[in-house]
Visitor: 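Pasting a structure here, questions to come.
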There are 2 protein chains.
Amino acid sequence: MRNTDSIIRRAEKQCASRGTRLTKKRKYVLTGLLESDKALSAYELIAVCKEKYDEDIPAMSVYRILDFLQGEHLVHKLNTASKYASCANIEDDKVGCYSQFLICRSCSKVKEVGLKPSMMAELQATVQDASFKLVNPQLEMNCLCDDCA
Amino acid sequence: MRNTDSIIRRAEKQCASRGTRLTKKRKYVLTGLLESDKALSAYELIAVCKEKYDEDIPAMSVYRILDFLQGEHLVHKLNTASKYASCANIEDDKVGCYSQFLICRSCSKVKEVGLKPSMMAELQATVQDASFKLVNPQLEMNCLCDDCA
DNA sequence: AATTTGGATGTTATGATGTAACATCGATCC
DNA sequence: GGATCGATGTTACATCATAACATCCAAATT
């Protein structure tokens, strides 16, 4: 079990050092994702903020907050699921390590696993051979978790 | 340039042998995808069928047709883009070879490339280590094509 | 040929995700 | 206090997708 408070304090400092602010609502959204082992949609996050903090955040704001948190490398968007998850490496200083996301198609449980450099290199090579440029090397894998299987 | 007609005839036979039918509208949708090097959304396919065949197909029908074509392994859904593309191996008999899709985030151009068994094995191993089961090993890579880069 | 039957398609309404444009709020700086 | 600028609110709308029910049509049966 990770300590949400200490992660939030770290994130706060990180934002401050970059000249941005982790506001109250941004904290609520980030905390919602930190305390969930499942990826959540924007609308699910609205519900979480309402239930846990009695805070009404309009959809537009949640999307903006999610954009902000992605920009701060605190949150990932899982495009195949249209849901969001906090970065696994949010607790430590590892940065720039590309990831493989295992997403349960039934319950949205997510695990983020580092991608070996050798794998990354091979995928990258394929992309270059096809005259494409890799923009965001985020591998999302359509899975079932052990509970749902 | 591949021969759309001969592919359609192959697909027709394949359906017949499975006890399904490649109807006129299903052919229109499949042809639309075959003749595009870009992935197309359901609504873009509606427009293509209207322009090329003067055929009005309601959205609901296009989605059903796309489901059917996926079931026949003639079409892929690219989840990260919410668009659809014809199978690259639709011309030959290769089956069951897992794919890596390079998708231009700007213009939706798609290339489907076979995934090496060694890569597949490694990804699969990661999934198992995390107690997940891989459902659909379709790697979608967020790229830019050379034209858009 | 008429009838039946089941899959394919049409219609309507609605849900889910996401964004554009513009208004307002609120913390910090002078 | 007032100016300023980023954060948030409001409204409207675009896009993707499906549920529920009606109808059509082609092949099989009589």
Side-chain angles (χ1 to χ4, degrees), chain A residues 11-12 15-30 32-33 38-50 53-72 74-85 103 105 108 140, chain B residues 11-12 15-30 32-33 38-50 53-72 74-85 103 105-106 108 140 142:
Chain A
E12 225 162 0
C15 287
S17 76
R18 289 166 49 95
T20 62
R21 283 183 302 149
L22 194 63
T23 63
K24 185 180 70 168
K25 301 200 169 182
R26 287 170 175 172
K27 277 183 208 170
Y28 288 163
V29 170
L30 179 55
L33 290 175
K38 302 182 193 311
L40 300 176
S41 74
Y43 287 85
E44 286 167 340
L45 281 165
I46 290 172
V48 167
C49 290
K50 178 63 179 170
Y53 307 107
D54 196 37
E55 189 85 30
D56 284 296
I57 313 186
M60 187 71 257
S61 293
V62 169
Y63 281 108
R64 281 190 289 227
I65 287 168
L66 288 167
D67 283 347
F68 170 83
L69 295 173
Q70 286 177 260
E72 301 293 327
L74 297 168
V75 161
H76 295 288
K77 172 166 189 185
L78 302 177
N79 295 298
T80 55
S82 294
K83 289 175 187 285
Y84 304 82
I103 309 169
R105 65 149 65 168
S108 295
E140 302 180 27
Chain B
E12 225 163 359
C15 287
S17 76
R18 289 167 48 96
T20 62
R21 282 182 304 150
L22 194 63
T23 63
K24 185 180 69 168
K25 302 201 168 179
R26 286 170 176 171
K27 277 182 210 171
Y28 289 164
V29 170
L30 179 56
L33 291 175
K38 303 182 193 308
L40 300 176
S41 73
Y43 287 85
E44 286 167 341
L45 282 165
I46 290 172
V48 167
C49 290
K50 178 61 179 170
Y53 307 107
D54 195 37
E55 189 85 32
D56 286 295
I57 312 185
M60 186 72 256
S61 292
V62 170
Y63 280 109
R64 281 189 291 227
I65 287 169
L66 288 167
D67 283 346
F68 170 83
L69 294 172
Q70 287 176 258
E72 300 294 326
L74 297 168
V75 161
H76 295 288
K77 174 169 188 183
L78 302 177
N79 295 298
T80 55
S82 294
K83 288 176 187 287
Y84 303 82
I103 310 168
R105 65 149 65 168
S106 170
S108 295
E140 301 181 27
N142 190 0

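So you know, we letter chains A, B, ... as the sequences are listed, proteins then strands, and number each from 1. Side-chain atoms are counted along with the backbone in the values below, which use heavy atoms only and exclude waters and symmetry mates.
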Visitor: Could you encode protein contacts along nucleotides 13-21 of chain C as a string, one character per nucleotide from 5' to 3', using B for base contact, S for sugar-phosphate-only contact and - for no contact, with a heavy-atom cut-off of under 4.0 Å?
Guide: ----BBBB-

Visitor: In terms of side-chain geometry, is the basic nitrogen of A/Glu44 or A/Lys83 positioned less than 4.0 Å from the acidic oxygen of its partner?
Guide: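 Result for this pair is yes, salt bridge flagged.
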
Visitor: Is a donor on one side and an acceptor on the other found under 3.5 Å between the side chain of A/Gln70 and the backbone of A/Val75?
Guide: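 A pair under 3.5 Å: no.
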
Visitor: Using atom types as modelled and distance alone, determine if a side-chain donor or acceptor of A/Glu140 lies under 3.5 Å from a backbone N or O of A/Ile103.
Guide: no

Visitor: What is the distance from CG of B/Leu22 to C1' of C/dA8, rounded to the nearest Å?
Guide: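 Computing the B/Leu22:CG to C/dA8:C1' distance gives 13 Å.
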
Visitor: May I have the distance from B/Glu55 (atom CD) to C/dA8 (atom P), rounded to whole angstrom?
Guide: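 From B/Glu55 CD to C/dA8 P: 17 Å.
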
Visitor: Ignoring hydrogens and angles, write down the donor-acceptor pairs under 3.5 Å from the side chains of residues 56-69 of chain A, residues two or more places apart or on other chains.
Guide:
from, atom 1, to, atom 2, distance (Å)
A/Asp56, OD2, A/Lys50, NZ, 3.2

Visitor: Any side-chain heavy atom of B/Asn79 within less than 4.5 Å of one from A/Asn79?
Guide: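 Not touching, per the 4.5 Å side-chain cut-off.
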
Visitor: Donor-acceptor check, side chain of A/Thr20 to backbone of A/Cys15, threshold 3.5 angstrom: yes or no?
Guide: yes

Visitor: Separation of B/Phe68 atom CZ from C/dG6 atom P, in whole Å?
Guide: 19 Å

Visitor: Test A/Lys27 against A/Glu12 for side-chain contact (heavy atoms from CB on, under 4.5 Å), laying out the working first.
Guide: CA-CA 9 Å; A/Lys27 277 183 208 170; A/Glu12 225 162 0; 2.6 Å; yes

Visitor: Provide the start and end nucleotides, 5' to 3', of the part of DNA chain D that has atoms under 4.0 Å from heavy atoms of chain B.
Guide: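 Range of nucleotides touched by chain B: D/dC16 to D/dA26.
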
Visitor: Does B/Ser61 make a side-chain N or O approach to OP1 or OP2 of C/dA8 shorter than 4.0 Å?
Guide: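 Answer is no, no contact under 4.0 Å.
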
Visitor: Assess whether a salt bridge exists between A/Glu55 and A/Lys24, defined as any Lys/Arg side-chain N lying under 4.0 Å from an Asp/Glu carboxylate O.
Guide: yes

